[in-house]
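Every heavy atom of this structure was used, including side-chain atoms; hydrogens, water molecules and symmetry mates were not. Fair warning: this is a prediction, and the values are worked out from it, not measured in the lab. Here is the naming used below: chain letters follow the sequence lines, and residue numbers restart at 1 for every chain.
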Amino acid sequence: MSRVYADVIVDISQEKLDKTFQYEVPEALQKQAEIGKQVRISFGNGKRELTGYIVGLSGEAKIAPERIKPILKVEEKGMEIESRLISLAAWIAREYGSTMNQALKTVLPVKAKERTKEKRYLCLREKEETCAELLEEYKRKHYKAKERLLQALLENETLEYSDVTGRLKITASVIRSFREQGLVQVIRERDYRNPVAKRGEVQEVSPLKLTPLQEQVCEEIFQEWETPNPRPCLIKGVTGSGKTEVYMKLISHVLEQGQQVIVLIPEIALTYQNVSRFYRRFGNCVALINSRLSKGERFDQLEQAKKGEVSIVIGPRSALFTPFPNLGLILIDEEHEDSYKSEKTPCYHARETAICRGEMEGARVVLGSASPSVESYYKGKTGEYRLLYLEERYGASQLPEVSVVDLKEELKTGNRSVFSSLLTEKIRERLMKKEQVMLFLNRRGYTGFVSCRSCGHVMKCPHCDVSLTSHRNGKLICHYCGYETRDVKRCPICGSPYIGGFKAGTQQIEALVQKSFPGARVLRMDADTTKRKDDHERILAAFAKGEADILIGTQMIVKGHDFPNVTLVGVLAADLSLCSEDYRAAEKTFQLLLQAVGRAGRGNRPGEAVIQTYHPEHYSIQAAKSQNYEEFYEKEIQYRMLMEYPPAAAMAAIRGACENEELLKEAMSYCRKYLERIYPKEDLILIGPAPETVAKVQDSYKMVLYMRHKSRPALVRLKDALERYIAVNKGFQSIYIQFDFNV
DNA sequence: AGCACGCCGACT
DNA sequence: GTCGGCGTGCTC
């Protein structure tokens, strides 16, 4: 029997020790030892026995084997919450190709100081005379540290622990000896801050009345939950169909069973307005987590979750790791949003990870969206998810009327401005009627591609069917295969000189609006104007109050908020995202347009939308015009199947970064050669290596190599092999490689 | 976090 | 020489 070693993290409350330590698994315990399990170990010299968690298992000793101690015992008491989260981290590391440490940091972010947020104080326990005598003695004996501490304590009967170790530079050993003498006492005080803002009015709301359709959807979901292996449920419900009511009912149901609920909402939609209904309905068992919370506040929230003081946590992607003891439901709203995918390694996707956590902890998963991601809808159609439709709107709000303007035609008629004549006319109309207008500038996927303003031709790679990216050195580069060509001065199709990168920011648009519509009050919302924390909500509130006639903005204006007085939405250059090099370009474009268009006419006034584009015939634009998700999905899934993009196949990116460009190029091509050597079959498609869209960041060059294969496990195996290859090759030492299984 | 180790000033 | 405070570094 070969030896087995376990990587153990020492009891997490033992702060600073965020390293792992290797222990030997005695043969008798090998059956029990699994990732996530709690173990007893001896730690440090002498007899210090501690609790730790197994975070990894391996057959190799990383240090001299004689220094490795054995595990004393594997705890069998049902998996504690930490154990489950550690197992989840192990899954994340495996599935998304990160190290266990990276995964642990994602899953257990409550580390270091935030852990023991209880403040500690030193409190003097002796009479003043005794202390004065001692002080003299210390002075005489030149006990500097003791003198310093006692002096301070005489001046100030209680001191903050951190102040003592920090400002006074007193070490723990001095404090210990004081404590043993009975001179001081360490007082621990728990100070919970509660940012769940006692914002007042938590009135009990009478049980909801659901429409028959909502009722039916709930019933079907409960039915699914009764089955032995409930599938994730996907609710496709248009805005205004009352998805939230269904959510509420599901949540109540789970709470009644004594279980807890995690609700994920895209960060951008995490506004008080959006979550207030949860507070109103469920009162103070709701905790809100967002990126504005300080680490300490965040920790307190999670601690409350662990202790059962709250049962509903609402938050962005990271809230998925809330340590609930008996999780019953994970609800993901707006499941198609790409903020659910992490950009940092491990590049996990909250949807997949939620489903995994759900399986591990017996919690159910419900996804909701008006326009589901292609992957999810595909899984719904194929039965991997249970698909439910909630398609009727209540209230008589009608779909807005959408017109598509072909910008090529506009140019032919001599209109070179950013606003088509149709849009100009409609804006004028609204301004006269004192109604509001939103102008949406699609900047997503904007990476400096080059297009012709006469015919709309986009410079594309001859090998890859993706648009070429303009670089400062006067070259056009394909980021899939690395193909390079000289920048063009004239359109190769129609010869027009009006060819170039599309350069229009919200600022320019604002200036143009002011010029074309003098007197109109304009608000602008983009990265510039929303730098401070509350800018976002402030601008939206100002617009809602009618302090402006026109709101100009990027993606962020199309999410969430309802403005009843907005009756016109203008989409300037809808195709910016269409031309990005991403295979999801069409999907992202459609999603954005659908949302943008949906902003028009939320009140009882009919809304209108104008989409300006160079590709009026493209299916994503056409489907957005008719606001028909099915139409879009059918076209898109055909394209994905044909091209073998997800969900037809799995894709992974191998991203490399290095300060030395040549070295990086060489290393990345070695990766490719290695993969070709160990897997010489046709069904593995390798793309690249090529420079990343942003090819250099802080003096570090970036390159990416894509792998595509029918089966995801095959890609995972290739990744594992490549990882081992990289580990043993000296040439890779200065190169930072990360994997992304969620391109 | 807790503990050993070793440096260095003070006292016998 | 020896004692003991106090900083440093290690714990598989």
Side-chain angles (χ1 to χ4, degrees), chain A residues 2-27 29-30 33-35 37-75 82 86 99-101 104 108 110-122 131 134-153 160-181 183-188 299:
Chain A
S2 61
R3 279 168 191 270
V4 179
Y5 299 99
D7 296 316
V8 172
I9 63 173
V10 170
D11 192 9
I12 319 176
S13 58
Q14 244 44 86
E15 308 160 29
K16 279 185 194 161
L17 292 169
D18 57 351
K19 284 189 291 215
T20 64
F21 295 89
Q22 232 179 2
Y23 283 82
E24 196 192 326
V25 185
E27 238 172 83
L29 298 178
Q30 286 186 12
E34 290 168 32
I35 289 180
K37 283 275 180 73
Q38 247 189 54
V39 290
R40 296 292 289 175
I41 44 162
S42 119
F43 188 71
N45 276 349
K47 277 194 106 43
R48 198 147 90 100
E49 202 182 298
L50 291 177
T51 302
Y53 291 92
I54 300 182
V55 299
L57 291 163
S58 79
E60 285 164 66
K62 286 179 212 133
I63 57 163
E66 61 274 13
R67 285 172 61 203
I68 299 181
K69 295 185 198 169
I71 285 176
L72 303 175
K73 188 178 169 212
V74 178
E75 301 287 2
E82 269 87 2
I86 288 167
T99 65
M100 188 61 189
N101 270 353
L104 280 170
L108 309 169
V110 267
K111 265 288 171 64
K113 297 217 168 51
E114 284 72 57
R115 261 252 124 213
T116 345
K117 197 57 252 175
E118 47 187 14
K119 256 190 179 164
R120 286 182 299 177
Y121 299 93
L122 286 189
C131 291
L134 274 166
L135 189 64
E136 284 311 308
E137 187 190 329
Y138 292 154
K139 271 190 181 148
R140 197 157 32 79
K141 291 189 177 168
H142 295 98
Y143 292 180
K144 297 230 185 70
K146 286 188 174 174
E147 186 195 324
R148 221 163 44 230
L149 177 56
L150 193 56
Q151 187 72 56
L153 279 166
E160 269 185 43
Y161 194 97
S162 55
D163 223 20
V164 174
T165 51
R167 192 171 52 83
L168 291 172
K169 288 206 192 328
I170 305 293
T171 53
S173 45
V174 176
I175 297 171
R176 190 167 5 102
S177 89
F178 266 38
R179 219 170 51 197
E180 278 161 13
Q181 276 180 65
L183 201 52
V184 296
Q185 194 179 13
V186 179
I187 309 237
R188 286 156 193 266
F299 172 76

If you round to the nearest 0.5 Å, how far is CD1 of A/I54 from OG1 of A/T20?
12.0 Å
Straight-line distance of A/I35 CD1 to A/Y53 OH, nearest 0.5 Å
15.0 Å
Using whole Å, report how far [atom1] of [X] lies from [atom2] of [N].
| X | N | atom1 | atom2 | result |
| --- | --- | --- | --- | --- |
| A/L50 | B/dA1 | CG | P | 13 Å |
| A/F43 | B/dA4 | CZ | P | 14 Å |
| A/I54 | C/dC12 | CD1 | C1' | 14 Å |
| A/E49 | C/dC12 | CD | P | 13 Å |
| A/D7 | C/dT11 | CG | P | 15 Å |
| A/R3 | C/dC12 | CZ | C1' | 14 Å |
| A/I71 | C/dT11 | CD1 | P | 18 Å |
| A/I68 | C/dC12 | CD1 | P | 10 Å |

Name the nucleic acid region contacted by A/I63, choosing base, sugar-phosphate or nothing; use a 4.0 angstrom heavy-atom cut-off, strictly under.
base
Under a 4.0 Å threshold between the charged nitrogen and the carboxylate oxygen, would A/E24 count as salt-bridged to A/R3?
yes
Taking only side-chain N and O atoms of A/R67, does any of them lie within less than 4.0 angstrom of OP1 or OP2 on C/dT11?
yes
Check: A/Q22 side chain, A/E60 main-chain N or O, donor-acceptor pair, under 3.5 Å:
yes
